[in-house]
Visitor: 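My questions will all concern the structure given below.
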Amino acid sequence: PRGTMSEAEVIAGYCSAAATSTPPTIAAIIADATAHPHLYTYAALLAVPAVRALDGTAHASSLALLRVFAYGTYADVVGRGGDDGDGGGSGAANGEAASPSIPTLNPAQTLKLRRLTLMSLARGVSRLPYATIAVALDLPSTRAVEDLVIGAVYEGLLAGGRLNPRAGVVEVTGCRGRDLTPADVAGLGRGLAAWRTRAGGVLGVLGGEVDRARAVGRAVASKREEAAEAAASVAAAAGAVGGGGGGGMVSALGAPVGR
């Protein structure tokens, strides 16, 4: 899948193709998907049962490659061909040989994985040193670092991405997110469960306060009714006393009281 399709349409096409394909074809689909110039999320493809079924087969390396592109970094494949297209070095920056289960990357995959790793580096920071990028991505020069950052900005992977060569940093205001690892998902689940518990406690407290407020409101309304009834009784009594037909006041014996 190429052309002018949206990223969602592209990954959907790969998923549809992989769902009914043989392991060798799925391996080819993974290779194409990881080289696609405008595709940066792979969780949906990883979720396809036929893709997961590659685990433990002769094509398990393709599944491992897809997992790296979903939530791994350039360091996971350094020394396994990740520098084929750029001449960026042998991957000795981390002093370790890469896992033999990861296939050698072609130039398009190398660029893609470097951009994905840049996204991970930029998460949660506002200033990203050139040196950090160069070491993490095995880039040979300042120009190579700047070219990578510029490309990532044009792809919409970095927000801001202002180059500051004098300070030797990239100023970042945000970056696009990557696929979540299984551990990330589990952590989110625990966090949501804890939030739900706290929210339930808060709602319980608020519910108690609402009940108390309603009880106070009912008591106030009852007092007002009592006061209104008392006032009505007093008014009625006063009316009875003052409304004796104009005959003036009478004595206890019923005789008029003299003026």
Side-chain angles (χ1 to χ4, degrees), residues 1-15 18 29-48 51 64-78 82 85-86 88 102 105-139 142-165 168-189 191-192:
R2 305 250 181 207
T4 58
M5 292 189 295
S6 68
E7 187 172 3
E9 291 172 327
V10 170
I11 194 63
Y14 284 127
C15 291
I29 290 171
I30 290 173
D32 193 67
T34 52
H36 192 288
H38 307 300
L39 181 61
Y40 292 90
T41 57
Y42 297 94
L45 189 54
L46 270 172
V48 175
V51 173
L65 176 69
L66 183 59
R67 285 173 174 153
V68 169
F69 273 73
Y71 34 71
T73 66
Y74 184 75
D76 294 322
V77 296
V78 71
D86 294 335
I102 305 296
L105 303 185
N106 62 38
Q109 291 171 319
T110 298
L111 176 60
K112 168 70 70 62
L113 189 53
R114 279 177 166 154
R115 286 179 173 176
L116 288 166
T117 304
L118 180 63
M119 291 159 59
S120 294
L121 292 174
R123 185 174 62 182
V125 302
S126 59
R127 291 165 64 88
L128 188 57
Y130 281 28
T132 298
I133 299 172
V135 171
L137 304 183
D138 201 14
L139 295 172
T142 296
R143 177 60 183 272
V145 170
E146 293 179 341
D147 286 347
L148 184 73
V149 171
I150 291 170
V153 171
Y154 277 117
E155 277 293 299
L157 308 178
L158 295 183
R162 180 174 175 271
L163 300 173
N164 186 341
V169 299
V170 180
E171 297 174 0
V172 181
T173 58
C175 68
R176 178 176 167 174
R178 295 187 62 186
D179 293 316
L180 297 176
T181 68
D184 291 333
V185 174
L188 284 175
L192 288 173

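Note that the coordinates shown come from a computational prediction; the quantities given were computed from them, not determined experimentally. Just the heavy atoms: all of them, side chains too, but no hydrogens, waters or symmetry mates, feed the values below.
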Visitor: Tell me whether Thr173 contacts the main-chain N or O of Ala159 through its side chain, where contact means a donor paired with an acceptor under 3.5 Å.
Guide: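 Pair found, side chain donor or acceptor close to backbone of Ala159.
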Visitor: Can you tell me which residue among Val170, Leu157, Leu158 is in a side-chain contact (heavy atoms from CB on, under 4.5 Å) with Leu118?
Guide: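 Of Val170, Leu157, Leu158, side-chain contact (heavy atoms from CB on, under 4.5 Å) with Leu118 is met by Leu158 alone.
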Visitor: Might you point out which heavy atoms bring Ala136 and Leu121 nearest each other, and give the distance in Å?
Guide: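 Looking at all heavy atoms of both residues, the shortest contact is CB-CD1, 3.8 Å.
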Visitor: Rounded to the nearest 0.5 Å, how far apart are CD1 of Ile150 and CD of Glu155?
Guide: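 The distance works out to 13.5 Å.
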Visitor: From Ile102 CD1 over to Arg67 CZ, what is the distance, rounded to the nearest 0.5 angstrom?
Guide: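 Rounded to the nearest 0.5 Å, the CD1-CZ separation comes out at 9.5 Å.
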Visitor: Is there a donor-acceptor pair under 3.5 Å between the side chain of Glu146 and the backbone N or O of Arg143?
Guide: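 Side chain of Glu146 to backbone of Arg143, a donor-acceptor pair under 3.5 Å: no, none is there.
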Visitor: How close do Asp179 and Tyr71 get, counting heavy atoms only, and between which atoms?
Guide: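 Here Asp179 and Tyr71 meet closest at O-CB, 3.8 Å.
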Visitor: Out of curiosity, Leu116 CG to Met119 CE, how far, rounded to the nearest 0.5 Å?
Guide: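 Interatomic distance, Leu116 CG to Met119 CE, rounded to 0.5 Å: 5.5 Å.
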Visitor: Would you mind reporting whether Leu105 and Leu65 have side-chain heavy atoms less than 4.5 Å apart?
Guide: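 In short, these two side chains touch, coming nearer than 4.5 Å.
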Visitor: Which heavy atom of Leu46 sits nearest a heavy atom of Ala70, and at what distance?
Guide: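 Looks like CD1-CB, 3.5 Å.
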Visitor: Given side chain to side chain contact (heavy atoms under 4.5 Å, CB included), test Leu163 with Tyr130 step by step and report yes or no.
Guide: CA-CA 9 Å; Leu163 300 173; Tyr130 281 28; 3.6 Å; yes
Visitor: Would you check if the side chain of Glu7 reaches a backbone N or O of Tyr40 as a donor-acceptor pair within less than 3.5 Å?
Guide: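 Yes, the answer is positive, given that a donor and an acceptor are paired below the 3.5 Å cut-off.
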Visitor: Using side-chain contact (heavy atoms from CB on, under 4.5 Å) as the criterion, point out the one residue from Thr41, Ile30, Thr34, Leu45 that pairs with Phe69.
Guide: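 Passing option: Thr34.
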Visitor: The test is side chain to side chain contact (heavy atoms under 4.5 Å, CB included); show your working for Val68 and Tyr74 and say whether it passes.
Guide: CA-CA 8 Å; Val68 169; Tyr74 184 75; over 6 Å; no
Visitor: Under 4.5 Å between any side-chain heavy atoms of Asp138 and Arg114, yes or no?
Guide: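 Yes - at least one pair of side-chain heavy atoms lies under 4.5 Å apart.
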Visitor: Just do the side chain to side chain contact (heavy atoms under 4.5 Å, CB included) check on His38 and Val10 with the steps written out, would you?
Guide: CA-CA 9 Å; His38 307 300; Val10 170; over 6 Å; no
Visitor: With a 4.5 Å cut-off on side-chain heavy atoms, are Thr117 and Ile133 touching?
Guide: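 The answer is no; the side chains never approach within 4.5 Å.
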Visitor: About how many Å separate CD1 of Ile11 and NE2 of His36, when rounded to the nearest 0.5 Å?
Guide: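 Going from the NE2 atom of His36 to the CD1 atom of Ile11 covers 9.5 Å.
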Visitor: Under 3.5 Å, side chain of Asp147 to main-chain N/O of Ala144, donor-acceptor pair present?
Guide: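 Side chain of Asp147 to backbone of Ala144: no pair is present.
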